[in-house]
Each structure stands twice: as C-alpha cells, then as structure tokens.
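Heavy atoms only: backbone and side chains are in, while hydrogens, waters and symmetry mates are out. Numbering of ligands and ligand atoms starts at 1, following listing order. It should be emphasised that the depicted structure is a prediction, and the values quoted were computed from it without experimental measurement.
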Amino acid sequence: MELVQSRRHWAKFLKASGYQLVRCVGQGSFGDVYSVSCLETGQAWAVKRLVARRNIKEDNHAMAEIEALVSIKHPTIIGLKEILLYPRVACIVMELAPAGNLEVLVLNGWGSLEFSPAQKTLSDITSKKLNACGLCYRQQHLTSSCCGEKQSGFENNCIDGESIYIKPFVENQRKCEEESITFRNYEGGESFHALTLTHTSSIAVPPSPSPSISAHPCIDPSFLFLAFAQVTSALEFCHNLGLAHRDVNPSNVLVFHHDLVKLADFGLCFRCNNVTLTESADAELLCSDFLGRDQYLAPEVRRRKPFYAKPADVWSLGCVLFFMLKANHPPLDDNELVKTVTKRVSSLVPEGYDINLKEKCVRTLGKACQVEVSTRPTIRDIQVLWET
Ligand SMILES: Nc1ncnc2c1ncn2[C@@H]1O[C@H](COP(=O)(O)OP(=O)(O)OP(=O)(O)O)[C@@H](O)[C@H]1O
C-alpha cells in the first residue's frame with residue numbers, strides 16, 4: 001500500500017488533502033503521528049495515520065478513536081480538525097502538541113522545552129476555570145450533497161461518494177458555538193454516528209500552589225498541579241459521558257505548554273453503558289479486553305477477568321501521578337505500588353513541595369491506588385480533591 005510504504009506518496013497524499021508534511025513526531029502501536037502545516041493557513045497540525053489490515057471501518061481501535069474524538073470536545077482533550085478516510089487508512093487531523101508527550105518530556109528533562117511567543121498564547125486556558133463542567137449537548141446533524149437534504153439523529157447514516165459533512169447542531173441552546181467536522185471519504189462510504197458534547201461553562205484556575213523550589217530534577221510543582229488537574233478534568237468529562245479511556249499513561253498526555261496538557265489517544269476507549277445521554281444512567285457494562293500500558297493497568301485488569309473500566313482509569317491516573325512525582329514508571333508489581341503508597345507515600349513527594357500540594361498528592365495516591373475496586377474513589381472525588 002503506497003500511502004504507507006513510501007514517504008513520497010504519503011507526502012503527496014497529504015498535499016492533495018491540503019497539508020505539507022513536516023516530520024514524524026511519534027510512533028505508537030496503532031499508528032504513526034506526523035506534524036504537518038496547512039497549505040492554506042500555514043497552521044501546524046498533527047496527523048495520526050491508522051492503517052487497517054482490511055477495511056478501516058472494521059478496525060475497532062481506529063473506529064473507537066475516531067468516534068470518541070468526534071464526540072468529545074473539551075479544553076484538555078486533544079481537539080479534532082478533520083478525518084481523511086481511505087479504504088484501509090484513516091488519518092486523524094488534530095491539534096499539534098508542540099512539546100510532545102509527558103513521558104518523553106519528564107524522562108528527558110525539561111531543557112528542550114522552549115516555546116515561541118505564538119505558542120505561549122495557548123496557555124490562555126489556565127486563565128479560565130478548569131473544572132466546572134456544565135455540559136451542553138449537541139446532536140449530530142448530517143448534511144449530504146448526494147441526499148440533498150439534511151438528516152439528523154443517531155440512527156441516520158449519510159452516504160456520499162465524495163464527501164460527508166457533519167455539522168453538529170445545538171440541541172440544548174446554551175452558549176454553544178457552531179462547530180463542524182468534515183469527513184473526507186476517499187472510498188465513498190458512510191459516516192459515523194456521533195454526538196458532540198461541548199464544555200461551555202467557565203473554566204476554573206485551580207488555586208495555584210504557592211511557588212516553591214523543588215528539589216526534584218524534572219517536574220515543577222506548579223506544572224504537576226496544573227497537568228494533573230487538567231488530565232483529571234479531561235477524564236472526568238469522559239466518564240460523565242459514559243466513556244472510559246483505558247489507556248491513561250504519560251505517553252498519552254500531550255504537552256502544549258508549561259501550563260497546558262491534553263489527554264489523547266482514544267483507541268482503547270470503551271463505552272461503559274448502552275444508553276444515550278438523554279436517558280438516565282444505566283448499569284455499567286463490564287469490559288473484557290485487557291489492553292493498555294502494563295505498568296498503568298489496574299490489578300483487576302491484570303487479573304484478566306471482566307472489569308469496570310472507569311475505576312480502572314482512576315488507578316491509571318494514580319499511576320500517572322506517581323510517574324510525575326518520581327519521574328519514573330510505577331513498579332510492574334502492583335503489590336509493591338500499593339505497599340509504597342500505603343507505607344511510604346510521603347517519601348514519594350519531593351522535598352520542598354507546598355504542604356497543600358503534598359497533601360493532595362498523598363491523598364490521591366493513597367485513594368486511587370486501592371486494590372479493592374469498591375473502595376477506590378470516582379474520578380469526580382479526585383477532581384474535588386484537586387479543586388479545594
Ligand atoms: N496531537 C499530537 N501532537 C503531538 N504529538 C503527538 C500527537 N498525537 C500523538 N503524538 C505523539 O505520537 C505518539 C503516539 O501517538 P498515539 O499514542 O496516539 O499512538 P498509538 O498508536 O495509539 O500509541 P499507543 O501505542 O500508546 O497506543 C504520542 O505518544 C505522542 O508522542
């Protein structure tokens with residue numbers, strides 16, 4: 001398949017789609033990620049190229065990622081621009097995180113983290129309130145040139161040989177901006193069901209910990225504070241929508257600036273219930289595939305028995321906090337992790353951390369890394385802890 005095998009064809013495909021290939025910025029198990037610039041505007045974007053053995057629409061990971069990104073819009077979740085579809089390839093065009101992923105940044109040190117003044121404006125986010133999640137629902141609204149008429153709702157597919165335009169409309173009129181996502185379909189095919197949910201209320205700046213000098217070589221405490229609050233907020237938003245991420249780890253936390261990170265990589269995303277958001281909450285579904293990054297997997301996932309995905313995300317989030325504090329991955333043996341967070345948790349927090357922040361870290365680790373699922377807090381509990 002030329003598009004994948006040859007860089008020249010890949011660059012040509014991108015150019016025909018309106019982008020100049022810049023470079024490869026990441027390689028994961030499901031796809032490669034490239035930075036590109038838009039030929040029309042010059043703006044930088046990231047393109048994740050997902051390749052399927054047969055039909056891309058039969059590829060669960062690709063479709064899970066696309067459907068999740070289409071349906072979620074949140075200031076600390078990677079934003080989608082458009083999807084380019086080939087029979088065996090999907091390209092997800094999304095915001096480019098200028099500083100890459102948290103794992104590399106922490107393990108390699110922060111020295112390389114430099115931003116142009118233009119990129120610094122991205123940090124505006126922190127001047128707003130992070131966590132007051134008033135949700136506003138938008139149902140998908142499909143417009144197709146071939147159908148010649150508008151269709152809306154979950155059950156409608158819209159088939160168009162050239163392009164499919166999905167334009168969400170505001171179901172609940174609350175300060176929503178109109179947004180649209182374009183699916184360019186190169187094989188002729190159907191669109192995806194989507195519900196776009198937008199976060200409209202103001203965003204809180206978590207109370208900043210008083211500046212303190214950290215003895216820690218890598219993570220500045222105010223960055224840790226913001227980054228952890230932002231990932232928590234992103235995850236809380238997903239859980240509210242009935243979605244579990246299932247791959248929360250530092251390589252999926254993308255860094256935009258010293259005070260802005262976003263959660264990415266929704267390839268393992270799992271819908272935890274069957275109901276639409278307009279109905280009342282349903283019983284949670286059990287998840288029975290056991291993928292994810294080993295060191296970040298909850299004990300119940302490692303046991304390889306059907307498990308609830310949201311509490312497993314909370315465990316992984318605790319592991320991300322461990323990683324940020326230690327600049328190292330948590331131990332593979334979860335007993336060892338639990339022993340550390342119960343017996344020596346204070347030693348995990350570097351000297352010089354503000355007492356308030358230290359308290360948050362200690363309490364979060366102690367609660368999130370509980371082997372017993374029923375005693376683990378919800379993501380909302382963790383969020384509340386970081387708001388106060
Ligand atoms: N929007 C982006 N901006 C900058 N870098 C990105 C972006 N998206 C992904 N990357 C980089 O590419 C890497 C791989 O991306 P991603 O995790 O989405 O791929 P994957 O195949 O799903 O990986 P995994 O093996 O973790 O499942 C990320 O860890 C990150 O370094």
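- Contact annotation: the side chain of Leu243 never approaches that of Phe266 to less than 4.5 Å [non-hydrogen atoms, C-beta and beyond].
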Show the atom names and distances, to 0.1 Å, of all donor-acceptor pairs under 3.5 Å that link a side chain in residues 38-46 to residues at least two apart or in another chain.
unit_1, atom_1, unit_2, atom_2, d
Thr41, OG1, Gln43, N, 3.2

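- No donor-acceptor pair closer than 3.5 Å links the side chain of Asn108 to the backbone N or O of Leu105.
- Listed by chain and residue number, Arg49 satisfy the salt bridge (Lys or Arg N to Asp or Glu O under 4.0 Å) test with Asp32 (two or more places apart in sequence, or in another chain).
- Ordered by chain and residue number, the residues placing a heavy atom less than 4.0 Å from ligand 1 are Val25, Gly26, Gly28, Ser29, Phe30, Gly31, Val33, Ala46, Lys48, Ile78, Met94, Glu95, Leu96, Ala97, Asn101, Asp247, Ser251, Asn252, Leu254, Asp265.
- With sequence neighbours excluded, the residues forming a salt bridge (Lys or Arg N to Asp or Glu O under 4.0 Å) with Asp334 are Arg302, listed by chain and number.
- Remark: side-chain polar atoms of Lys360 are paired, donor with acceptor, to backbone N or O of Leu385 under 3.5 angstrom.
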